[in-house]
Amino acid sequence: MHDPPLILAVDDVAENLEIVVVRLEAHGYEIVTASDGEEGLAKARAIKPDLILLDIMMPKLDGISVLKELKRDENLGFIPVILLTAKADRTDLVAGLDAGADDYLTKPFDQSALVARVRSMLRIKALHDLVQDQARTLAEQTKELAAFNATLEARVEAQVGEIERMSRLKRFLSPQIADVVAASDAAQGLLESHRREVSVLFCDLRGFTAFTETAEPEEVMRVLNDYHETLGALIDRYEATLERFAGDGMLILFNDPLPCPRHTERAVRMALDMMEAIKGRAAAWRKLGHELGFGIGLACGYATLGRIGFERRFDYSAVGSVTNLASRLCDEAKSGQIIIAARAFHTLDDGLFEWRPLEPLTLKGFRRPIEAFEILGAAAAAQSASV
């Protein structure tokens, strides 16, 4: 890594380059620009930047062609590439990701997203460089200790494999579950495509979009970090699986990849704890002038689950109407409200929670009105129940 990190921005629109330069130089990065694909490829080979921001549509040499040349050039090593694309260029975007791009941004730029994704890619580059340095050091030591070479290589390979497997698992699972899966000989099989009944919890902040329009990007990131840390502790405590998060939205699964008894009840208890935890955080945010609420949608049903992606990037995903239903119920929830679909509600034992029925909801993507209930809290007789 260069110090400060060196970023190459390639775009044929001068205004876009100016935005990138002004925004990223303010965060201490060194920026080099190029106005077309040929110039960008030449500068990449000359300066070997830590990150490349690459426009797709450019004269002389388009971004996809530049990307393919970069990936074929062994001398450039590992340089993360973020594609810059218009919202309508979905076909080019897919081609770019397939050619080896690591991420993308749509124009016009969201400044907070630009800074956040640049930081994320540079962290990956720094870790890659650290691993490469360690690998070179290890190779030198191996030459000096030739007699122990075979044993040393076997140990390093086993340890690196275990670290990589644990790292992948802990992106999706609570630490408790990740430890169990990592210790299992069938760990890989647990992540292959399969069908299972799951409870799905979707949650997000109310007023977040308006907040991002008026707050400084650094303040938005501080609130998001606070929000994620608060909910992340509860996700770990309840041994849930974080399927994905995007900004303030989170999709959380129960009963997969490992079975979870009474998974809907567990999801409801976590929802109540989340609501209570965010109330405390919202009070602190309010003192800073940020009016943010919190809503939750819950559903239960069958989904197809498993690992998706490609060699350099895998995610663990759930596909099915149950995830859409949880998301739509969350959209309907007012601040401080937990809405649960009827199927999930009827799996709960009587007397565990206080609730009230809602009028049938007309939800986008669902042809018929959806019967739903609001969870008000744990019933008085059940409040002492533990997870």
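Small disclaimer: the values here were computed from a predicted structure and weren't measured.
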Smallest separation among heavy atoms of [X] and [Y], with atom names:
X: Leu298; Y: Ala267; result: CD2-CB, 3.6 Å
X: Lys71; Y: Gly100; result: CE-O, 3.4 Å
X: Asp50; Y: Pro5; result: OD2-CA, 3.4 Å
X: Pro49; Y: His2; result: CA-CE1, 4.3 Å
X: Pro80; Y: Leu51; result: O-CD1, 3.3 Å
X: Ala277; Y: Leu234; result: CB-CD1, 4.1 Å

Quick one: does [X]'s side chain get under 4.5 Å of [Y]'s, heavy atoms only?
X: Phe294; Y: Met275; value: yes
X: Val200; Y: Leu253; value: yes
X: Val20; Y: Asp11; value: no
X: Lys107; Y: Thr85; value: no
X: Leu8; Y: Val10; value: yes
X: Arg196; Y: Tyr302; value: no
X: Pro257; Y: Leu305; value: no
X: Leu348; Y: Val268; value: yes

Would you please name every residue forming a salt bridge (Lys or Arg N to Asp or Glu O under 4.0 Å) with Asp103, sequence neighbours left out?
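Here the qualifying residues are Arg117.
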By salt bridge (Lys or Arg N to Asp or Glu O under 4.0 Å) - contacts of Glu18 (at least two apart):
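With neighbours one apart ignored, the set is empty.
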Single-linkage hydrophobic cluster [X]~[Y], side-chain heavy atoms < 4.5 angstrom:
X: Leu272; Y: Phe345; result: yes
X: Leu17; Y: Val115; result: no
X: Leu231; Y: Ile296; result: yes
X: Leu224; Y: Trp285; result: yes
X: Leu201; Y: Leu329; result: no

Test side chain to side chain contact (heavy atoms under 4.5 Å, CB included) applied to Glu69 - qualifying residues, sequence neighbours left out
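Expected list: Leu41, Arg45, Arg72.
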Got a sec, which residues hit side chain to side chain contact (heavy atoms under 4.5 Å, CB included) with Cys300, two or more places apart in sequence or on another chain?
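Counting only residues at least two positions away or on another chain, Cys300 forms a side chain to side chain contact (heavy atoms under 4.5 Å, CB included) with Glu197, Ser199, His263, Thr264, Ala344.
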Worked check of side chain to side chain contact (heavy atoms under 4.5 Å, CB included) between Ile235 and Thr241
CA-CA 7 Å; Ile235 293 171; Thr241 300; over 6 Å; no
Test side-chain contact (heavy atoms from CB on, under 4.5 Å) applied to Leu105 and Leu83, Asp110, Leu84, the passing residue
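Per the side-chain contact (heavy atoms from CB on, under 4.5 Å) rule, the option paired with Leu105 is Leu84, out of Leu83, Asp110, Leu84.
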Once you round to the nearest 0.5 Å, how far does [atom1] of [X] lie from [atom2] of [Y]?
X: Met1; Y: Asp129; atom1: CE; atom2: CG; result: 6.5 Å
X: Glu276; Y: Thr230; atom1: CD; atom2: OG1; result: 12.5 Å
X: Met270; Y: Glu239; atom1: CE; atom2: CD; result: 12.0 Å
X: Tyr227; Y: Ile278; atom1: OH; atom2: CD1; result: 6.0 Å
X: Glu38; Y: Asp62; atom1: CD; atom2: CG; result: 11.0 Å
X: Cys260; Y: Tyr238; atom1: SG; atom2: OH; result: 11.5 Å

Any chance NZ of Lys48 has more than 12 other-residue heavy atoms, nucleotides or ligands included, within less than 6.0 Å?
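Result for NZ/Lys48: enclosed.
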Taking atom CD of Glu216 as the centre, report whether more than 12 heavy atoms of other residues, nucleotides or ligands fall under 6.0 Å from it.
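At most 12 heavy atoms, drawn from other residues, nucleotides or ligands, come within 6.0 Å of this atom.
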Once side-chain hydrogen bond (donor to acceptor under 3.5 Å, both in side chains) is applied, do any residues pair with [X], and if so which ones, sequence neighbours excluded?
X: Arg262; answer: Glu265, Asp349
X: Trp355; answer: none
X: Ser317; answer: Glu243
X: Asp36; answer: none

Salt-bridge test for Lys60 and Asp12: reply yes if a basic N is under 4.0 Å from a carboxylate O, no otherwise.
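Salt bridge flag = no for Asp12 with Lys60.
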Side chain to side chain donor-acceptor pair (under 3.5 Å) evaluation trace for Asn324 with Ser327:
CA-CA 5 Å; Asn324 295 332; Ser327 176; over 6 Å; no
Which atom pairs, donor and acceptor, lie under 3.5 Å between side-chain atoms of residues 363-373 and protein residues at least two apart or in another chain?
none

Start with the C-alpha gap between Arg206 and Lys334, add the side-chain angles, then the distance that decides, and say whether side chain to side chain contact (heavy atoms under 4.5 Å, CB included) holds.
CA-CA 8 Å; Arg206 298 295 177 265; Lys334 298 180 177 63; over 6 Å; no
Could you give me the CA-CA distance, side-chain angles and deciding distance for Asn16 and Asp55, then say whether side chain to side chain contact (heavy atoms under 4.5 Å, CB included) is met?
CA-CA 10 Å; Asn16 290 338; Asp55 187 26; 5.8 Å; no
Between Leu292 and Arg281, does a side chain to side chain contact (heavy atoms under 4.5 Å, CB included) hold up when you go through it step by step?
CA-CA 9 Å; Leu292 295 170; Arg281 301 314 311 149; over 6 Å; no
For His228, ring pair (Phe, Tyr, Trp, His ring centres under 6.0 Å) partners two or more places apart:
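In terms of ring pair (Phe, Tyr, Trp, His ring centres under 6.0 Å), with neighbours along the sequence ignored, His228 is linked to Phe245.
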Ring pair (Phe, Tyr, Trp, His ring centres under 6.0 Å) with His290: which residues, sequence neighbours excluded?
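For His290, the residues satisfying ring pair (Phe, Tyr, Trp, His ring centres under 6.0 Å) (neighbours in sequence not counted) are Phe211.
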Using residues 26-35 as the side-chain source, report each donor-acceptor pair under 3.5 Å to any protein atom, sequence neighbours left out, with the distance given to one decimal.
{"unit_1": "His27", "atom_1": "ND1", "unit_2": "Arg119", "atom_2": "NH2", "d": "3.2"}
{"unit_1": "Ser35", "atom_1": "OG", "unit_2": "Glu39", "atom_2": "OE1", "d": "3.1"}

